Amino acid sequence: MASTPSSTLTPLYESNNIFFNSFTSPHNFTFPLKLYKSSIRTPQVSLQGQPHISQPNNSQNPDRKSKIWVNPKSPRATELKQRSYDFRYTSLVKIAESLDSCNPLKHDVYNVLATLGDKIVEQDAVVTLNNMCNSETALLALKYFQERLKLSKEVIIYNVTLKVLRKNKDLDRAEKVFDEMLERGVKPDNVTFSTIISCARQCNLPEKAIEWFEKLPSFGCEPDDVTYSVMIDAYGKAGNVDMALSLYDRARTEKWRIDAVTFATLIRIYGSAGNFDGCLNVYEEMKALGVRPNMTVYNSLLDAMGRAKRPWQAKNIYAEMINNGFEPSWGTYASLIRAYGRARYSEDALKIYKEMKEKGLELSVMLYNTLLAMCADVGLTDEAVNIFEEMKSSGTCQPDSWTYSSLITINSCSGKVSEAEATLNDMMEAGFEPNIFVLTSLIQCYGKEGRTDDVVRTFDRLSDLGLSPDERFTGCLLNVLTQTAKEDLHKLTICLEKANPKLGYVVKLLVDKEVVEEEGAFKKNAAELLDSVTTDVRKAYCNCLIDICVNLNKLERACELLDIGLTLNIYTDIMSRTETQWSLQLKSLSLGAALTALHIWMSDLNKALEDGEEFPSLLGINTGHGKHKYSEKGLAGVFESHLKELNAPFHEAPDKAGWFLTTKVAATSWLESRRAQEVVAV
DNA sequence: ATAGGGTTAG
């Protein structure tokens, strides 16, 4: 075994939080509650009260009994016609509004419609129904028009009625209306089908949508571009990406004009299937076909890049969108906040937040939560407090358990135990039970303060609430062990055993002197354990276990764990060699794991030296810049002093943050002098 | 705006 002075490896108790945050980020958790939309969307603003529409006192008004003859083909005539149509349209919208709020009784509905007078035309029916939201009164209105009008295109008023039913997500009624159409001998067309199909899609019944699409040919209809687009969307929603794409292919070979909306649909499908390059390819293909992107395309792309955790691409697309003269919509901002928030682009996210406020756009709970979770991630305590205050005073949304979780996490991470406890009380007063996320944060919080008994109490609280520990919760507990004094470790080992017996056993082998270990049992069990947990927590578990070893001065065990980590590909590319440089990559390692890796790397260098291998011109250690807000010092800072203690000739590169470099000559002479010392020491 | 697609997501 080589000769790293192990005393320098010992005190790990406070600093390191490099792996800590993989547990505390609320966005890493799968929240078990399904949240529903808090309010129904307000209906469209009516045209009522727009001043330009009727101005009877205006002497310029051409609608007054004017004797001037106007050439019907002149632009002036077109304008007059337009005005008179605008006027008619406005009154029809008002009728539609009255019908929406009227009793669903034949008598009442007919009375409202009687105000239209006797000279109604087919288009009046279309406009009225098209502006309605109430299914029941719409069906009565449909009857009224059927009784009173000679309809030359009856299918159209059926189609607009179907739109009303779709607004209400009422597929049952839509299907009944369809049957009625057939009974009356009205032939459904593509509009009928696309409306019913999108209704089924919006009802979250994509199988139904497919069913309707499949019966389209039996009514003598050939799907057209819009029907394809709707179906592509429905297949995507049903998770049948292959069918969606093959429809797209079919639409393409049948030379349908594929417009921006369809491309946006395709981008959404690729995005929700996790194929983010697919999204970008569709976008390129679209541009190659000469289709100009619209807002939907941009918003879908931004959303996809957010899911892909590629905030820089979101940024580029947004810039392009602005350059092309588009005004960002609510959806644009929401996508950006999510993209930036998840990726911890805090400055960008906060800028968007500011812009939304300036424009008077309301944020949803989800968006507030995204911002708060981001603040928790990067340690923006003051901003989080501000955002929370603004959220409360917005009057439009109430904090939910996610909100409180983030706030508790923020307090916990900045070591504000009593504030965290107070926030938990607020949460319970607001009617939310503490959940696993909150308890996970609290465990971290107490652990960091060395309040082991409170950690144990919080651990027990979880099962009292009828919850069982998940991998993150257990991982946080394990992380607490890396910060706990030796004499308290046994209290936590008991908890660990309850949470995950295998993990408990592995830790016991490290901590408990009385456990008798069979030859190789530690390595075997540790490997089985790490293999049994999901990949997202493996590295964190391994890092923690190594830290515990390092704390307890069990360097051999630490090396065994690192070896397991390398074998299971938990750590990749830690040590690499090119012709010009040999590197040690420590970026995602905890301090203990990094020190262990350094130890192994130095042994390898020694061996290479012994074997007379040629060293490259440069040797480098990359610690990453370690700019994490919650840890006073990143890995870089700790490493710098550690390397000094070892008299190692590595020096931080001025132009490459987080890199410590040395030359062939310096490295060789350093290793040789260490070996000489070793001989003296023996 | 004036018969069919698009969302508000964790």
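Below, read A as the first sequence line, B as the second, and so on, with proteins coming before strands; counting in each chain starts at 1. A quick note: this is a predicted structure, and the numbers were derived from the prediction, not measured.
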Check: Within a strict 4.5 Å, meaning less than it, do heavy atoms of the A/Ile95 and A/Leu99 side chains meet?
Finding: yes
Next item on the list: Verify whether the ring centers belonging to A/Tyr345 and A/Trp312 lie closer than 6.0 Å.
Entry: no
Note to self: Expressed as a whole number of angstroms, how long is the span from A/Leu266:CG to B/dG6:P?
What the structure shows: 13 Å
Notebook entry, point to check: Counting side-chain heavy atoms from CB outward, which of B/dG6, B/dA3, B/dG10 is closest to A/Gln202?
Noted result: B/dG6
Notebook entry, point to check: To the nearest angstrom, how far is A/Arg166 atom CZ from B/dG4 atom P?
Noted result: 8 Å
Next item on the list: Quick one: closest heavy-atom pair of A/Met305 and A/Ile317, and the distance?
Entry: CG-CD1, 3.8 Å
Margin query: Expressed as a whole number of angstroms, how long is the span from A/Tyr298:OH to B/dG6:P?
Written below: 21 Å
Next item on the list: Please determine, for the side chain of A/Asn369, which listed nucleotide (B/dA3, B/dG10, B/dG5) has the closest atom?
Entry: B/dG10
Notebook entry, point to check: Roughly, in whole Å, what's the span from CD1 in A/Ile269 to P in B/dG5?
Noted result: 16 Å
Check: Do the side chains of A/Pro223 and A/Arg250 get nearer than 4.5 Å, heavy atoms only?
Finding: yes
Check: When you measure from every atom of DNA chain B, which of residues 226-241 of chain A have a heavy atom less than 4.0 Å away?
Finding: A/Val226, A/Thr227, A/Ser229, A/Val230, A/Asp233
Next item on the list: Please determine, for the side chain of A/Asp86, which listed nucleotide (B/dA1, B/dG10, B/dA3) has the closest atom?
Entry: B/dA1
Check: Nearest 0.5 Å, what's the CE-CD distance between A/Met231 and A/Glu214?
Finding: 7.5 Å
Next item on the list: May I ask you to check if A/Arg148 and A/Tyr144 form a cation-pi contact, with NZ or CZ under 6.0 angstrom from the six-membered ring centre and within 45° of the axis?
Entry: yes
Next item on the list: State the SG-CZ distance between A/Cys279 and A/Arg310, to the nearest 0.5 angstrom.
Entry: 8.5 Å
Checklist line | Check: A/Asp189 side chain, B/dG4 base, donor-acceptor under 3.5 Å | finding: no
Note to self: Does the plane of the ring in A/Trp402 sit parallel, tilted or perpendicular to the ring in A/Phe437? Use 30° and 60° as the thresholds.
What the structure shows: tilted
Item checked: Distance in angstrom units between A/Phe145 CZ and B/dA3 P, rounded -> 14 Å
Notebook entry, point to check: Which residues within residues 149-165 of chain A lie with some heavy atom under 4.0 Å of an atom in DNA chain B?
Noted result: A/Ile156, A/Asn159, A/Val160, A/Lys163
Item checked: Rounded interatomic separation in angstrom, taking CG from A/Leu336 and C1' from B/dT8 -> 15 Å
Notebook entry, point to check: Among the nucleotides B/dG6, B/dA3, B/dG10, which one has an atom lying closest to any side-chain atom of A/Asn294?
Noted result: B/dG6
Checklist line | B/dA1 versus B/dG5 - spacing of their P atoms, nearest Å | finding: 14 Å
Note to self: As a test of reading the structure: which of B/dG6, B/dA3, B/dG10 is closest to the side chain of A/Arg201, going by heavy atoms?
What the structure shows: B/dG6
Check: Are A/Phe326 and A/Tyr298 close enough that their ring centers fall under 6.0 Å?
Finding: yes
Notebook entry, point to check: Rounded to whole angstroms, how far apart are CD1 on A/Ile196 and P on B/dG5?
Noted result: 13 Å
Item checked: Between P of B/dT7 and CG of A/Asn299, the distance in whole Å -> 9 Å
Note to self: Whether the side chain of A/Ser194 and the base of B/dG4 hold a donor-acceptor pair under 3.5 Å is what I'd like checked.
What the structure shows: yes
Next item on the list: Quick one: label A/Arg268 by what it contacts on the DNA or RNA (base, sugar-phosphate, nothing), any heavy atom closer than 4.0 Å.
Entry: sugar-phosphate
Next item on the list: Could you please name the option among B/dG5, B/dG10, B/dA1 that lies closest to any side-chain atom of A/Val261?
Entry: B/dG5
Notebook entry, point to check: Centroid-to-centroid, A/Phe193 to A/Phe219, below 6.0 Å?
Noted result: yes
Margin query: Any base atoms under 4.0 Å from A/Thr296, or only sugar-phosphate, or nothing? Heavy atoms, all strands.
Written below: base
